[in-house]
Novice: 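Here it is, the structure in full.
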Protein chains: 2
Amino acid sequence: MRDRAPRNSGSTLKMRDIARHAGVSPMTVSRALRQPSAVSEEMRRKVDAAVREFGYLPNRIAGSLSSNRTNVVGLIVPSIRNSLYASMIQAASDGLRANGLHLMIADSGHRLEDEEALVAAFLAQRVCGLILHNTVHSKRVRKLVEASGVPVIETGNLPDDPLDMAVSYSNFEAARAMTLHLARLGYRRIGFVTLPVRDNDRSEERRRGYFAALAELGRPADESLVLEADGGFSEGADALVRLMNAHPDLDAGFFAGEVLAVGALFECQRRGWPVPGRIAIASFDDVDLLRHAVPSVTTLRIPRQEIGKRSAELLVGRLQGAPADRIRLDLGFEIVQRESS
Amino acid sequence: MRDRAPRNSGSTLKMRDIARHAGVSPMTVSRALRQPSAVSEEMRRKVDAAVREFGYLPNRIAGSLSSNRTNVVGLIVPSIRNSLYASMIQAASDGLRANGLHLMIADSGHRLEDEEALVAAFLAQRVCGLILHNTVHSKRVRKLVEASGVPVIETGNLPDDPLDMAVSYSNFEAARAMTLHLARLGYRRIGFVTLPVRDNDRSEERRRGYFAALAELGRPADESLVLEADGGFSEGADALVRLMNAHPDLDAGFFAGEVLAVGALFECQRRGWPVPGRIAIASFDDVDLLRHAVPSVTTLRIPRQEIGKRSAELLVGRLQGAPADRIRLDLGFEIVQRESS
DNA sequence: CGCTTTTCTGGTATCGCTACCAGCCTATAA
DNA sequence: TTATAGGCTGGTAGCGATACCAGAAAAGCG
């Protein structure tokens with residue numbers, strides 16, 4: 001059985017080929033590429049020359065298997081299409097890339113069972129870290145994550161019982177603060193439109209925050225002031241109209257999603273309802289659109305970018321040996337008062 | 001040297017452990033997991049039971065090394081933050097995931113040298129396919145891609161000389177068509193605002209299309225009607241104002257980017273310029289925002305989602321053995337006439 | 001019933017790299 | 001000079017799976 005044909009007849013070069021051409025051992029090539037300081041100037045030169053000459057690309061699959069380390073982080077968001085996550089992803093991507101890490105991205109479509117399948121798939125790929133937007137997980141996810149020992153960051157909310165590290169803000173506090181803010185501005189009857197609450201801890205928390213604020217204000221909790229809407233412009237417009245019809249005295253609408261808010265704003269423009277004259281509008285998340293809309297829209301600034309950046313930093317820290325402490329980082333939020341309220 | 005300590009003392013289970021517990025050979029476990037039809041009912045049952053009992057996750061790194069195949073596709077877009085790419089990415093992600101493939105995403109920041117580094121890094125990770133938005137590449141990228149033999153899809157434009165497969169639309173034709181459309185509607189003096197052209201083949205093509213249309217119309221090519229602007233709302237607003245100041249008779253603005261267009265639209269609202277009474281506005285790409293804005297904005301519908309879907313399909317096809325034909329798939333575009341023009 | 005074919009299972013040898021140890025050679029100390 | 005320590009380099013043995021072949025068992029066939 002000595003002379004069987006090689007399994008991979010491909011022409012891609014291997015480390016040993018480079019080693020032969022450079023006149024050194026494979027180990028020296030490996031070292032020259034990964035920690036140049038560990039080899040002599042001369043070796044480094046020879047290796048570099050051979051690598052460049054043949055356009056050698058080390059096989060990181062083999063490297064990962066051997067070293068039991070990969071340089072890939074898995075990221076799962078509810079929806080890739082939703083641009084809300086884009087700035088977080090961008091910041092995380094930048095921070096990770098600066099440290100030689102890459103990002104594998106997938107979306108769970110707000111389905112816990114999909115998140116579970118993805119976590120399993122990512123762990124099978126032996127990712128060196130995970131970033132999950134969702135903070136409600138299936139039992140199996142918790143088990144898998146724990147068993148793997150891979151560092152995990154949750155970013156969408158501040159969970160009571162984090163898997164590992166959480167870098168986020170409080171959806172509850174944010175919604176509460178905005179509701180109180182609107183009340184402080186003098187609005188008497190504040191409607192609340194949120195994304196579907198089922199399987200979505202963020203929506204649920206925001207809803208709770210809204211009601212908590214009303215309670216503090218001594219106002220009755222009126223379920224008919226709250227609507228769930230899928231996140232589209234039409235849904236926002238529609239929700240506004242339905243609220244106004246049901247409550248002619250509505251003087252402010254708090255939309256927990258910028259698309260909903262802008263959809264409502266456009267509807268006001270169409271109907272000639274002055275904003276905030278007839279109704280004030282407040283939104284969630286500070287996207288450019290809200291700043292530039294006419295009128296500009298009062299909103300909550302969530303530090304999405306900072307969340308991505310800090311997530312990357314914490315992950316990198318762990319990979320470089322930081323102690324595995326449970327961390328719960330609250331990056332806060334900020335009310336941005338603008339023309340629409 | 002027989003009794004050296006094992007390198008990886010970790011507790012994660014290996015295939016041989018599952019095999020032992022199931023009372024079968026590792027090969028049978030491997031087969032039961034990858035092609036269940038190749039093993040008997042009984043074996044499958046035993047393996048499945050052991051896998052479930054211990055929560056075994058196969059190590060895909062090892063599998064990839066051994067089989068010389070990975071299930072990861074690399075995707076490089078100019079900017080992750082830009083929501084424009086989101087629907088393409090989403091569609092590609094869905095199509096790939098349905099076939100067991102995952103997506104590694106990075107952004108080049110419109111820099112060719114970054115694209116090059118990323119392509120190299122992805123190939124080092126031995127991705128089984130690449131999707132590149134950019135269609136202008138460094139020489140080394142072409143060489144790397146060719147040497148790797150990995151299937152590649154370019155999606156941002158229809159290149160004259162595709163690396164491998166191209167799934168896109170013609171930026172040139174799209175810009176040309178919109179310019180002609182505006183002329184047909186009776187607009188006499190059409191300004192054009194585009195993203196920076198440097199290192200951006202899409203912008204360059206759009207610009208060419210605009211001028212080609214003017215030439216067909218027998219109108220002079222006036223460079224002062226063309227502005228380059230970075231893609232923000234303010235930049236769009238600013239570009240509009242500058243164009244209007246320079247050309248008081250400007251009656252239409254074609255913005256090659258939806259954020260620019262909406263920024264301009266907002267500026268009109270602020271200044272009380274009726275759209276299209278004082279000036280018509282046309283955009284590029286059919287995002288929801290344009291349909292719902294007041295007035296709704298005339299634009300070009302680019303089949304971003306379809307591009308992502310077809311890209312995934314072609315890639316999957318190749319991986320399943322389709323012949324390596326050069327493909328150049330033009331998915332076209334569509335003019336969406338709305339209130340703003 | 002013996003023989004061929006098919007179906008299924010298991011052993012062995014990698015996949016391409018890195019961890020770990022051994023050994024060499026030079027430098028510094030005693 | 002000999003001992004001791006470092007700095008570098010190379011050999012060897014995996015990492016945890018899969019490809020490939022061999023062989024046993026079951027099935028088909030005349």
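Lettering follows sequence order; numbering is per chain, from 1. Bear in mind the structure is a predicted one, so any value in this text is a computation, not a measurement.
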Novice: From the options D/dG16, D/dA17, C/dC8, select the nucleotide whose nearest atom is closest to the side chain of A/Leu65.
Specialist: D/dG16
Novice: Given the structure, check if the side chain of A/Ser66 and the base of C/dT18 hold any donor-acceptor pair shorter than 3.5 Å.
Specialist: yes
Novice: When you look at CD of A/Glu146, are more than 12 heavy atoms from neighbouring residues, nucleotides or ligands closer to it than 6.0 Å?
Specialist: no
Novice: Once you round it to whole Å, what is the distance between P of C/dG16 and NZ of A/Lys14?
Specialist: 4 Å
Novice: For D/dC15, does either OP1 or OP2 sit under 4.0 Å from a side-chain N or O belonging to B/Arg60?
Specialist: no
Novice: For A/Arg16 and C/dC17, is the shortest distance between a side-chain N/O and OP1 or OP2 below 4.0 Å?
Specialist: no
Novice: Is there a donor and acceptor pair, one atom on the side chain of B/Arg31 and one on the base of C/dG10, closer than 3.5 Å?
Specialist: yes
Novice: Taking the minimum atom-to-atom distance to the side chain of A/Arg69, which one of C/dA19, C/dC17, D/dA17 wins?
Specialist: C/dA19
Novice: Within the 4.0 Å heavy-atom criterion, would you say A/Pro26 contacts the bases, only the backbone, or no part of the nucleic acid?
Specialist: nothing
Novice: In whole angstrom, give the distance that lies between atom CD of B/Glu42 and atom C1' of D/dA25.
Specialist: 13 Å
Novice: Could you state the interatomic distance from CD1 (A/Ile76) to NE2 (A/His137), rounded to the nearest 0.5 Å?
Specialist: 9.5 Å
Novice: How many whole angstroms separate atom CZ of B/Arg34 from atom P of D/dA19?
Specialist: 5 Å
Novice: Examine distances only and state if a side-chain atom of B/Arg326 and a backbone atom of B/Leu163 form a donor-acceptor pair shorter than 3.5 Å.
Specialist: yes
Novice: Figure out the CE/P separation between B/Met43 and C/dT7, and round it to whole Å.
Specialist: 17 Å
Novice: Can you tell me how far P of C/dC17 sits from CG of A/Asn68, to the nearest Å?
Specialist: 17 Å
Novice: Counting side-chain heavy atoms from C-beta on, which of C/dA19, C/dC17, D/dG16 comes nearest to A/Met15?
Specialist: C/dC17
Novice: Taking the nucleotide of DNA chain D with the closest heavy atom to each, which residue, A/Ser25 or A/Ala62, is nearer the 5' end?
Specialist: A/Ser25
Novice: Between A/Arg20 (CZ) and D/dG11 (P), how many Å, whole number?
Specialist: 13 Å
Novice: Among the nucleotides C/dG10, D/dG10, C/dC17, which one has an atom lying closest to any side-chain atom of B/Val24?
Specialist: C/dG10
Novice: For the side chain of A/Asp48 and the backbone of A/Arg45, is there at least one donor-acceptor N/O pair under 3.5 Å apart?
Specialist: no
Novice: Phosphate oxygens OP1/OP2 of D/dT9: is one of them under 4.0 Å from a side-chain N or O of A/Ser40?
Specialist: yes
Novice: Looking only at side-chain N and O atoms, does B/Thr28 come under 4.0 Å of OP1 or OP2 in C/dT9?
Specialist: no
Novice: B/Met27 CE to C/dC8 C1': how many Å, rounded?
Specialist: 11 Å
Novice: Has A/Ser67 got a side-chain atom pairing as donor or acceptor with A/Gly63's backbone, closer than 3.5 angstrom?
Specialist: yes
Novice: Is B/Tyr56 near enough to D/dG16 that one of its side-chain N or O atoms lies under 4.0 angstrom from OP1 or OP2?
Specialist: no
Novice: Hey, does the side chain of B/Gln90 reach the backbone of A/Ile80 with a donor-acceptor pair shorter than 3.5 angstrom?
Specialist: yes
Novice: Between C/dC8 atom P and B/Gln35 atom CD, what is the distance in whole Å?
Specialist: 11 Å
